[in-house]
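Contents: one structure, followed by commentary.
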Amino acid sequence: MSAPTPAPTPTENDLRTPRVAWQHEALLFERSRPGRIGVTLPPSEPGEPATADLLPAELLRGEIDGMPELSEVDVIRHFTRISRKNYALDLGLYPLGSCTMKYNPRINEEMARLPGFAGSHPMQPDSTVQGNLELLWELERALVDLTGLARVSLQPAAGAQGEFAGMLMVKAALEARGEKRKYVLIPDSAHGTNPATAHFAGFEVKELLSNAQGTLDLEDLERAMTDEVAALMMTVPNTLGVFEDHIREIAAIVHKKGGFLYGDGANFNAYVGKARPGDMGIDVLHMNLHKTFTTPHGGGGPGAGPVAVCAELVPFMPAPTVEKNENGFYLDHDRPGSIGRVRSFQGQFGVLVRALTYIYAMGGEGLMRVAENAVLNANYIRKGLEDLYHLPYQTPSLHEVVFSDKHQQVHHVSTLDIAKRLMDYGFHPPTIYFPLIVSGALMIEPTETSGKEELDDFITAMRAIAHEAETDPDLVRGAPYTTPVGRCDEARAARNPILAWKP
Amino acid sequence: MSAPTPAPTPTENDLRTPRVAWQHEALLFERSRPGRIGVTLPPSEPGEPATADLLPAELLRGEIDGMPELSEVDVIRHFTRISRKNYALDLGLYPLGSCTMKYNPRINEEMARLPGFAGSHPMQPDSTVQGNLELLWELERALVDLTGLARVSLQPAAGAQGEFAGMLMVKAALEARGEKRKYVLIPDSAHGTNPATAHFAGFEVKELLSNAQGTLDLEDLERAMTDEVAALMMTVPNTLGVFEDHIREIAAIVHKKGGFLYGDGANFNAYVGKARPGDMGIDVLHMNLHKTFTTPHGGGGPGAGPVAVCAELVPFMPAPTVEKNENGFYLDHDRPGSIGRVRSFQGQFGVLVRALTYIYAMGGEGLMRVAENAVLNANYIRKGLEDLYHLPYQTPSLHEVVFSDKHQQVHHVSTLDIAKRLMDYGFHPPTIYFPLIVSGALMIEPTETSGKEELDDFITAMRAIAHEAETDPDLVRGAPYTTPVGRCDEARAARNPILAWKP
Amino acid sequence: MAASKPPMVAHRYLPTGEQDRRELLAAVGVESVDALFSTLGDLVLDEPVAIAGPMGDGALRHHLGALAAKNQVAGRDFVSFLGGGAYRHEVPTVIDHLLLRGEFLTVYTPYQPEFSQGTLQAIFEFQTFLTLLTGLPVANASMYEGASAFAEAVLMADRLQKKRRKVVLSRGIHPHYRATLATYAQNLDFDLVEVGWDESGRTDAAALAAAVDDQTICVAVQSPNYFGVVEAWSVASDIAHAQGALSIGVVTEALSLALLQSPGAGGCDIACGEAQSFGLSLAYGGPYVGFLAGKDEHKRAMPGRLAGETVDSKGQRAWVLTLSTREQHIRREKATSNICTNQALCALAATMYLSLYGKVGLRQLAESNLKRAAQLRQSLVATGVGFAPRFRAPSFNEFTVRAGEPVQPLLRDLEAQGILAGIALGSDYPELEDCLLMAVTECNPMADIERFIATLEQRMAARIGMPFPTAR
Amino acid sequence: MAASKPPMVAHRYLPTGEQDRRELLAAVGVESVDALFSTLGDLVLDEPVAIAGPMGDGALRHHLGALAAKNQVAGRDFVSFLGGGAYRHEVPTVIDHLLLRGEFLTVYTPYQPEFSQGTLQAIFEFQTFLTLLTGLPVANASMYEGASAFAEAVLMADRLQKKRRKVVLSRGIHPHYRATLATYAQNLDFDLVEVGWDESGRTDAAALAAAVDDQTICVAVQSPNYFGVVEAWSVASDIAHAQGALSIGVVTEALSLALLQSPGAGGCDIACGEAQSFGLSLAYGGPYVGFLAGKDEHKRAMPGRLAGETVDSKGQRAWVLTLSTREQHIRREKATSNICTNQALCALAATMYLSLYGKVGLRQLAESNLKRAAQLRQSLVATGVGFAPRFRAPSFNEFTVRAGEPVQPLLRDLEAQGILAGIALGSDYPELEDCLLMAVTECNPMADIERFIATLEQRMAARIGMPFPTAR
Ligand SMILES: Cc1ncc(COP(=O)(O)O)c(C=O)c1O
Ligand SMILES: Cc1ncc(COP(=O)(O)O)c(C=O)c1O
């Protein structure tokens, strides 16, 4: 770790302010000029009927005011320009905790675009999409092997929908047992989708407080786990990056009372290929293919949230499932116990292609190394920063480490300031203010796809900021200085929402 | 045209200096770390022989010192980062005169990558590449129609090689007539490849001086055009963007003496689809597909330089040509008069696919509009700047306009300074110091693919610089300030050449 | 792991070689990486999970390519008239070239606006496009796809109408959408009431009026509906509003929005549906992009993300994610939805598509779809091959035909001749068991129509044992 | 133009609508655009040239796709052992993703270094890779392809040896390369003397020594030569140097540089050739990327562009194009070459390829090519199907076989069975009219070899009228 070059500081005459014509790229709608078009439409066919003869005027609309008119080069320039205002994984470390921003392999993209996949219609007869069905089958098998559970539904569109499908299956299984349970237990460290999901699945949430180690207190749990409780939803490792070493006892407590142990698998990267949730006593677990399995986030999606289930939950899986008989593969719509569909068609198929591509690109041993290196990198960062940043929990970290701004708060520098200042050093900030149980949390997940020198650069930058916070706190509070725009006024946006351009 | 916002000016504490970790991206070789690899190789086959059993030690080399070791993500980040230090056509106007930096359509790229094209081997039997041969045939037909000449050789790899092939055909035709001519006439405004080509084709160059209109003087020409002269090489329109309105007289003078009129078609964008070189009396003309026909420049190539010829030159075309008989298309290697090959295989095939894609994307009428709009845009810029920048030739402009720095030299601001300052305004500079007949030339070719608002922004920036040159010449002389690196010391590079990294 | 094989260290996606690993371990202060997994105890596997690999690009192309090659696809392997909520449209190549830029592809949700202005501006543009197309003033940053967008729209209406207990919906809504709603609503406190259609193919207005009462949360209708029939939004809206209920307009073929009266203009309070038609490939059903738009006064009840305009510290225009107190990461179990990851990249593709087609192109494309479908419809009538349009109300680019013979064998027969003629309606609508749903887009050249008609004529000729059409 | 059709104004590549055009014309001060073409007089066409279009992406995919579909390609349509200067290697997908970034794709030659550091750094890296691979200290930014690179190398040697008059080259050099040299040299002042090979398949050392004298500019040898045989560079170099001539090493299969002694180490003064193997698709012969490397003292005689390191105004490292006084745009008819546009993007692809494979991967790949080819060679010998290696000297991934029967009908017969067995040598080397050139790369799985052998066995069985191999 070399001595840090300080990142830029503000001056009167801030040259970073972009003044070139296109750095303030206007909205598409503002760029519109009459008469432009970005496509060439086929000429009309001879003998075509007229629109007015096909649809009565009252069903038609007029020209849409405000729709832009742009040429192809306008569109290319617009999106190329604005894209450059984003920081990206392809530019460097993106250590967002809980988000597993790992390298998105490009071969995934090539495979998802194979015409045989990309061109297949979701309503085609099974006989014409045997390749798709076989792919879904292979992916389900791989995820079964990695989770140690009985089956996997590939239908959910994202992690939250996987949770939703999972909790509906829990509910259905309980009902099949003749039970109607009211509560779901959720630790206070949980991701927001967990309580939101439990609510939409028709449960009431009971929050469990984390103990001083950031884990669950077994006695608390024993007390809370009544026969009115349908499930405990827990994240493994939890959002502090800590593995609940009593997980099998936890499962036993839950199971003894007839409840289900729901695993939030968003953090699967910590142990993928290294240990199996099924072995831990987890009954149902969703995975985020857009985290552990490298499908790109794309600015917020699309992802996919397959949900793996134990044998008892299999009858309730969303329909259709992929099955195989002597004629080949087929979609099985005839699943009487099913919770039904959570979406149209067969799921985020293109995302599933990418995930399977990744799985084969790594192989079983490779996936084991993924978890190992993810954990090693997180611990290296922990070691590199723990003297300067407050570590609220001393428990061993797996794939991420959570600091707080306690030491910097002394100088009135907050987590937000640190995050913004990191941008001037060329890094995306960590996840901030989550988990909620840590005040001013800085949640750092380097993943396995950054090398040592990049971790060193990041540590160097974080240390430099800690130093700046002591010696020049205003500097940190005013950051960032080198980004396409300065610190944005989020309060104003919420107070006076402008949610669309108006013609 | 709104009032210009001045571009950034330098300060003591220049925040534009990138300090973030990756903005000084090191060389690949410097980034190497032992044990990394960016590919997964197939496992070795059982029963494979050993290298040492196949090749004696004296024919083998050891490990190559200095070869880098990098993972896939390292490579992605490296090239993504350095790419962002380039300005690009996709970011805005790139008004390099003589270079025709027009929009590069992306469908061209998709077509060139069709597996049937990209996967075909140049030595495949003709029967297995009928699609390739038909494509070459169609492209030749289209270029024949656009040039009005008899045939087109698609073999040359770039404009300069097209010139070379063209001049060798001239030589061969003269020899077939039993003549051995020594000289080639070239106007002083010509591109450097013209005299260089003439030299390598075995001719001596005689330079013709341009007259006050920037065109050829017919009397001079008549005097110079002896029967020792093989050809006149002229650029149409010439490098001032001026069309020689006496072109048919020029052709007559050359032809009368038994010479050939060579047209440098690098500027074909000025009249493509609007007029035909064959009608002008041109006997042989190369085209730059990477200019007029939108194949991307890619930082300096690849391009392609097809050369169109009149009937007399057809027997001498490079072999092989594409011909058609009752069995389909075939490569004709059996051309006894041919000048031979100028390269291996059949030419820059992938570039040719792109060019044909573009031609069909435009159609005949579309190409006519290309020339019209290219000329209209150049004249609009001329009009917008002629009061502030010196226009050395008043002759009407076609697709480009050449100014000089005469007015700015008064303030000791040069063309180079103006060019560098334009970067701070977010524009690529025009071609500078060419043509050589204009001292301090600024050669501006907007092409047809920028809209009025971008021309306006460019004019605004140029006007602002003219103003700065008067009021704050040091500002202009110190430019650029906002680029990834400041003004580069080219003299030092030439004095003490460092042409490779050394292990 | 075979004893003979050394453990894998280097891998193209793992930039930590032997030496780096040693240095990292030393810095952390552990002997081996397994020491870091001590909290897992004996849960740690001894052997890697048995999964094929590692594969390089070549092996992956080989393996996945072989799977892809087992599929048959429209245009290449057969003529297709499949629609039913997923439409084959030309995708301009520009979209993929731009989407694949790392700066769009490899970025997270734009929680840090100073590092995400590109994504935020694009979301704001997507939202704007959807407001223009739906005729409603607020649209969110995307939903997973049409069916869950519909379910979320109903849940949103429920939040806005807390005291009411009934949702009335047209059976003309896509069966998957209704099934998804049923799943989403199964633990919630309202009933779903479905209303059938009249002989024109539209939702039965009288039945609708009868079903809606002062307990009704909302009325939902799709247009063009699942049978391809264009509904008049105002019929349902007026009925809904008369009872204080909200009106939801569902759209599965977003291209129709360029030509047909917008849901907003037709009185809908909420519009939702699927925008796959705007530049997304069929991809066997996903990823697509759901949309949801509503009125300004309802924006705080909306699910999903919203980008909004603001200023930065220097007063320059900037965009941020906003109104996030609606969302799960702030409001947890009280959030308007559990949605987190959405379909940002698909929304970006749609934004690019809409900017390329633009005002004129989108309209022309919609009209050409309308006309091409009409040409098929007219040809079927004119040639008398036994296929007849089932409904008389106008349609857009999709319509229902009565086959005049059992549908399943017919479809199999046509499939064998390289034609996917449409979707059999019988399994979802037993009363339409002799009917097919056929879609026609700009990707069906006239040759598709001619080939289909000719095939039907041959079947007819085979059946009647003489040339058909007889007078030819 | 049909009278009924209004003239085209809008087009996706022409961002000048009707109104903009009017404004531009008004500002320029002309009535119509034709006024701007007045200097062309009656040369201006009345009607557009009759060329199909304008086509949208859909129509282009249809038209060009139909052409592409008329080709057959290796891997998909047949097994191929074609090489001969163009080799089928796996291309990592990463390359295309990066190459297609507008910042690389849509930029000109980096004459303005402050706006081109990305391209310049990549060129510098390409040059460095080529110095490492060739073992020579200076390499240029690229040449068109191997054959013209070779011709330029000879021209460069000629410049360095002004007074001499003879170029001696091995007949083992690729026929296209020798033909190209002949074209380039036809008007220059030296003779070309070709030297044959000995029974091992190497250039005949004795004949070479006899041909080289004190008038010799240079000696050029290719390795692996066109027959696939690995030459020892030092044989030619020593002969050349003994007479004060320069030695040129030609390489058409650049992958061999990872494994075989480098030209520099073998005493070559200049190395040149083709680097298509480094990440460029076959593409029916182009675009590929030529390379040219030499000694430090010869750098000012080099053709083509060179990037060099320097500093900017603040002393930071930067790259520029340098030594351009060698080039045509400065030196005009006295330039070292007329080359201007080169193969920058292809060189960039090669740079990416080399960084991905890296030190270990490139070597392993080369060894696997060597071994796979040896497996075919050994199988041919072992099975006794009548094909025998023609030369005994070692080869890399390509070798010459004697077919034992007329080659042309054999090739046609194998083609019909889905195998492109190799390149017939007879047209370029009449003395090898019964011989084939066969290349084997990592893209030939063992199954290719097995299929080829099985096919030969079947032919043999058919010929001898009994099962073959007889003992099976
Ligand atoms: C721990 C945890 N659980 C659940 C989720 C929700 O997953 P998704 O965003 O795919 O819906 C996330 C993702 O942000 C997460 O980090
Ligand atoms: C007028 C002119 N002639 C010839 C050339 C040479 O073409 P190329 O660079 O393709 O060899 C150029 C290109 O720079 C040019 O502008």
Side-chain angles (χ1 to χ4, degrees), chain B residues 38 48 67 69 79 82-83 85-90 111 114 116 118-122 128 130-131 157-158 160 192 195-197 199 202 205 243 245 275 296 298-303 340-341 344-346 348-350 360 363-365 372 379 451-452 483 485-489 493 498 500-501, chain D residues 15 20 28 33 39 43 48-49 51 53-55 64 67-68 70-73 82 98 102-103 105-106 109 113-115 117-119 128 131 144 147 176 179 183 187 281-287 308-310 312-313 318 320 322 328-329 332-333 335 338 341-345 356 358-359 371:
Chain B
E48 259 182 18
M67 281 289 280
E69 296 176 80
F79 288 102
I82 70 170
S83 77
K85 301 185 184 185
N86 285 348
Y87 182 88
L89 202 41
D90 278 6
M111 292 302 98
L114 287 171
S120 60
H121 189 284
T128 67
Q130 285 295 301
T197 297
H199 167 74
V205 175
F243 189 81
D245 50 0
R341 300 189 153 272
S344 58
F345 310 126
Q346 288 76 245
Q348 308 264 49
F349 181 73
Y360 289 147
E365 191 182 355
E372 290 174 2
N379 278 279
K452 178 172 178 297
T483 44
V485 296
R487 209 180 280 201
C488 295
D489 189 344
I498 305 175
W501 172 90
Chain D
D20 281 345
V28 172
V33 80
T39 47
L43 287 167
V49 174
I51 287 179
M55 296 187 192
L64 280 289
L67 291 178
K70 290 182 189 173
N71 292 336
Q72 290 157 268
V73 294
L82 295 181
L98 289 168
E103 289 93 334
L105 190 74
T106 72
T109 307
E114 299 83 2
F115 252 15
Q117 285 297 300
T119 294
T128 299
T131 65
Y144 299 136
H176 289 186
T183 306
N187 298 302
S281 57
L282 289 169
Y284 201 49
E309 189 179 313
T310 187
D312 76 352
S313 50
V320 294
T322 194
Q328 46 70 31
H329 65 285
R332 303 179 76 83
E333 65 267 33
N338 71 340
T341 294
N342 61 17
Q343 306 289 112
L345 201 69
L356 287 165
K359 183 186 268 181
K371 293 169 184 175

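Because only heavy atoms are used, hydrogens play no part in the values below, and waters and symmetry mates are left out as well, while side chains stay in.
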Name the option with the most non-hydrogen atom pairs under 4.5 Å to chain D; the candidates are B:Gly340, B:Ser120, B:Gly119.
B:Ser120
Which residues pass the salt bridge (Lys or Arg N to Asp or Glu O under 4.0 Å) test with B:Arg487, not counting sequence neighbours?
B:Asp417
Looking at chain D, which one of B:Glu372, B:Met111, B:Arg341 has the largest number of heavy-atom pairs inside 4.5 Å, strictly under?
B:Arg341
About how many Å separate CG of D:Leu67 and CG of B:Leu114, when rounded to the nearest 0.5 Å?
9.5 Å
How long is the straight-line distance from CD of B:Glu365 back to CD1 of D:Ile51, given to the nearest 0.5 Å?
12.5 Å
Could you tell me which of D:Leu43, D:Thr322, D:Thr109 has the largest number of non-hydrogen atom pairs under 4.5 Å with chain B?
D:Leu43
Between D:Asn71 and B:Gly116 the two heavy atoms that sit nearest each other are ND2-O, 3.0 Å
Measuring from D:Leu282:CG to B:His121:NE2, what's the distance to the nearest 0.5 Å?
5.5 Å
For B:Ala88 against D:Thr106, the heavy-atom pair lying closest together
CB-OG1, 3.4 Å
Under a 3.5 Å distance rule, please check whether D:Thr128 uses its side chain to pair with a backbone N or O of B:Trp501 as donor and acceptor.
yes
Between the side chain of B:Asp245 and the main-chain N/O of D:Thr39, is any donor-acceptor distance below 3.5 Å?
no
Checking the side chain of D:His176 only, and the main-chain atoms of B:Phe345 only, is there a donor and an acceptor separated by less than 3.5 Å?
yes
For the residue pair B:Ser344 and D:Ala147, what are the closest heavy atoms and their distance?
N-CB, 3.5 Å
For residues B:Phe349 and D:Ala283, report the shortest heavy-atom separation together with the two atoms involved.
CB-O, 3.3 Å
Specify which of D:Gln343, D:Arg332, D:His329 makes the most heavy-atom pairs with chain B at under 4.5 Å.
D:Arg332
If we ignore hydrogens and angles and just use 3.5 Å, is the side chain of B:Thr197 paired with the main-chain N or O of D:Asn338 as donor and acceptor?
no
Tell me, out of D:Val49, D:Thr131, D:Val320, who's got the most heavy-atom pairs with chain B below 4.5 Å.
D:Val49
For D:Thr310 and B:Asp489, which I'm curious about, is there any donor-acceptor pair between the side chains at under 3.5 Å?
no
Highest number of heavy-atom pairs under 4.5 Å with chain B among D:Val33, D:Asp20, D:Asn342 belongs to D:Asn342
Are any side-chain N or O atoms of D:Gln328 and backbone N or O atoms of B:Pro195, one a donor and one an acceptor, separated by less than 3.5 Å?
no
Only pairs of heavy atoms separated by less than 4.5 Å count here; which of D:Glu333, D:Lys70, D:Gln117 has the most with chain B?
D:Glu333
Of the listed residues (D:Gly358, D:Ala179, D:Pro287), which shares the most heavy-atom pairs with chain B below a 4.5 Å separation?
D:Pro287
So which of B:Ala158, B:Ala196, B:Ala157, B:Gly202 has the largest heavy-atom pair count under 4.5 angstrom toward chain D?
B:Ala196
Return the minimal non-hydrogen interatomic distance between D:Ala344 and B:Gly299, and the atom names on each side.
CB-O, 3.2 Å
Under a 4.5 Å heavy-atom cutoff, which of B:Gly38, B:Gly451, B:Ala275, B:Gly192 has the most pairs with chain D?
B:Gly192
Non-hydrogen atoms of B:Ser83 and D:Glu103 that approach each other most closely:
O-CB, 3.1 Å
Please classify the contact of D:Thr341 with chain B as side chain, backbone, both or neither, using a heavy-atom distance under 4.5 Å.
both
